[in-house]
Amino acid sequence: MKIATWNVNSVRQRTEHLLRYLRDAKPDVLCLQELKCVDAAFPHTEVEAEGYNAAVHGQKGFNGVAILAKAPIEAAPGLPGGPDDEQARYIEAVVPNGDGIVRVASIYLPNGNPPQTEKYSYKLAFMDRLIAHAKTLLALEEPLVLAGDYNVIPTPNDAADPAAWEGDALFLPETRARFRGLLNLGLTDALRATTDAASLYTFWDYQAGAWQRGKGIRIDHLLLSPQAADRLIEVKIDKERRAEEKPSDHVPVEITLG
C-alpha cells in the first residue's frame, strides 16, 4: 500500500500537476494540504476520473486539506479540541486495506510566524491538540499514518542551512520539542526509520533561488503507529516534481507499507 503526502500549494492552480502525479505515482492514498479552495471548488470530477475518491475539508483562499483514495473512505474533518477553530487544517479517514484498515490523517500544521505574535501561540496550541488526539488514536492499536506539512524542521540535519532558520517558528526549540513529544508517544518518523542521511528535503522556497542552490528543508512528514511502522518497506521523496513548470514549493513524500 502506497501512501503519499503533498502540500500542493493551490489545487486549482496545480490540478494538472496533481493529475500527472496520480497517473505517474499511482498512490493508494494521497494526503493533500494547502488546497486554498472551498470544497465545491475542488476538482472532484477530474480526480474521480483518475479512479480516486476524495474527502475534502476546504477553506476559501487559505489552508484546506484532503485525502484521496482508490478505495471508498469514511472521513471526519477537523482536529478535536478546538471547537471554535475555523481553520481547515486536519482531516482523518479510515481506508480499507485487504482484510483490515489503515487510519490516515492529512495535516496542515500552522506556520507560526512571526513567533512573537498570536500565530505562534496558535501553532503551539494546535500541536498540543494534535498530541492529545494522537494519544487517543494510538490507543486503538491500528495502523495509523499522520501525514502532512508539519511546518517543523525536526533537527539541524533537516535543513541545508540550519543557521538561516534560527529564530523561525519552524525551528524554534518549543516547536521541535512538541514534535519530539509526538514521536515520544510511540510514533515513528518514517523517513528517519530508513535513513540518517542529510540533504533530504521536501520544501524549497520560491525566493532567492533556493531550489537551484539546494537550500531546502524537510518539513513534510509521515508519522507511523507501531502497527504501521512494522509494515514499512520504503520511503521516497519525489524531489524532481520541484523542477516542473510552475511547481508547488513542496514535493510529495511516499511510503510503502507491506
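The aromatic rings of Y150 and F179 lie perpendicular to each other, with more than 60° between the two planes, well past the 30° mark.
Checking side-chain atoms of T117 against main-chain N and O of K119 turns up a donor-acceptor pair under 3.5 Å.
Atoms CZ and CD1, on R89 and I107 in that order, are 12.0 Å from each other to the nearest 0.5 Å. Atoms NZ and SG, from K60 and C37 in turn, are 12.0 Å apart once rounded to the nearest 0.5 Å.
Not counting sequence neighbours, the partners of T155 by the side chain to side chain donor-acceptor pair (under 3.5 Å) test are D158.
Ion pairing between a basic and an acidic side chain is recognised when a charged N comes within 4.0 Å of a carboxylate O; E234 and K236 show no such pairing. Salt bridge D128/R178: present, at least one basic N to carboxylate O contact under 4.0 Å. A salt bridge does not link D189 to R180: none of the charged nitrogens lies less than 4.0 Å from a carboxylate oxygen. Of the charged side-chain nitrogens involved, none lies within less than 4.0 Å of a carboxylate oxygen, so that R242 and D249 do not count as a salt-bridged pair.
For the pair L79/L130, a side-chain contact is recorded, criterion being any heavy-atom separation below 4.5 Å from C-beta on.
Counting non-hydrogen atoms of other residues, nucleotides and ligands closer than 6.0 Å to OH of Y206 gives a total above 12.
V251 and D238 make their closest contact through CB-O, 3.4 Å (heavy atoms, listed as atom of the first residue, atom of the second, distance).
Taking hydrophobic clusters as Ile, Leu, Val, Met, Phe, Trp and Tyr residues chained together by side-chain heavy-atom distances below 4.5 Å, M127 shares a cluster with L138.
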